[in-house]
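What follows is a short report on a single structure.
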Amino acid sequence: MSYWLVKSDPDTYSWEDLKKDVYTDWDGVRNYQARNNLMKMEIGDEVLVYESQSTKQITGIAEVTKTFFPDPTSLDMNKNWVAVELKFKEEFKRFITLQEIKSIKELSNIGLIKQSRLSVMPLQAEEFEIICNLATN
DNA sequence: GCCAACGTTGGC
DNA sequence: GCCAACGTTGGC
């Protein structure tokens, strides 16, 4: 059981879209490090969803329902991009902003801050818990 | 809109 | 294999 954080630009695919779709293929990832993380996801893993750009906040939790498969949106056969299937799991009572994450010392090593351009990253269990606790308080 | 960070491409 | 040029992402 692992924990992850994925980013999405809400103009492309928002939390509202996921809520509406319930299941979605998390595709379009075009970065090897992010792809390698997608390939490590297992069914039942919990995934925090972060909206970048306009809103900059973690909105809730999704769950991995299918492990990686070839990304159907990739036309380049030489580059084996992959997607996973995610399912809407839980919306946070309170969205956690980037600003708030930055203000918490225990989260200072989180990939979201350390490597701001990476779109799929692992989370420590403790980091996942801290964020969930914030969101339900 | 600007810019830093970083990934990719292509010439050498 | 190096590195300059360029493109993209994402915070501010």
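Convention: sequence-line order gives letters A, B, ...; per-chain numbering from 1.
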Could you tell me if A:Glu85 and A:Thr65 have a donor-acceptor pair between their side chains, going purely by distance under 3.5 Å?
yes

Look at the rings of A:Trp15 and A:Phe88 and say which category their plane angle falls in: under 30° parallel, 30 to 60° tilted, over 60° perpendicular.
tilted

Between P of C:dC12 and CG of A:Leu112, the distance in whole Å:
10 Å

Partner set under side-chain contact (heavy atoms from CB on, under 4.5 Å) for A:Ser14, not counting sequence neighbours:
A:Pro10, A:Glu16, A:Asp17, A:Glu51

With the threshold set at 4.0 Å, does a side-chain nitrogen-carboxylate oxygen contact exist between A:Lys66 and A:Asp25?
no

Would you tabulate the side-chain donor-acceptor contacts of residues 108-120 of chain A under 3.5 Å, counting partners in other chains and residues two or more places apart, or write 'none'?
from: A:Ser108; atom 1: OG; to: A:Lys105; atom 2: O; distance (Å): 2.9
from: A:Gln115; atom 1: NE2; to: A:Gln33; atom 2: OE1; distance (Å): 3.0

Let me know the distance between CZ of A:Arg30 and P of B:dT9, rounded to the nearest Å.
13 Å

Whole Å only: how far is the CD atom of A:Gln53 from the P atom of C:dT8?
13 Å

What nitrogen or oxygen pairs link the protein and nucleotides 1-5 of chain B at under 3.5 Å?
from: B:dA5; atom 1: N3; to: A:Arg117; atom 2: NH1; distance (Å): 3.1

Which nucleotide sits closest to the side chain of A:Asn31: C:dC12, C:dG10, B:dG7?
B:dG7

With a cut-off of less than 4.0 Å, is there a side-chain N or O of A:Tyr50 near OP1 or OP2 of C:dG11?
yes

Would you mind reading off the distance between A:Tyr13 atom OH and C:dT9 atom P, rounded to a whole angstrom?
19 Å

Considering every strand and a 4.0 Å limit on heavy-atom distances, what is the contact class for A:Asp9: base, sugar-phosphate, or nothing?
nothing

Can A:Glu90 and A:Lys19 be counted as an ion pair, charged N to O under 4.0 angstrom?
no

For A:Tyr32 and C:dT9, what is the distance between atoms OH and C1' respectively, to the nearest whole Å?
18 Å

Just to confirm, is there a sub-4.0 Å distance from OP1 or OP2 of C:dT9 to any side-chain nitrogen or oxygen of A:Lys56?
no

Spacing of CZ belonging to A:Phe92 relative to CD1 belonging to A:Ile61, to within rounding of 0.5 Å
4.5 Å

Euclidean distance, atom NZ of residue A:Lys7 to atom P of C:dT8 [Å, nearest integer]
17 Å

Roughly, in whole Å, what's the span from CG in A:Leu98 to C1' in C:dC12?
10 Å

For the side chain of A:Lys102, starting at C-beta, report the closest nucleotide among B:dG7, C:dG10, C:dC12.
C:dC12

In whole Å, what is the span from the CD atom of A:Gln57 to the P atom of C:dG10?
15 Å

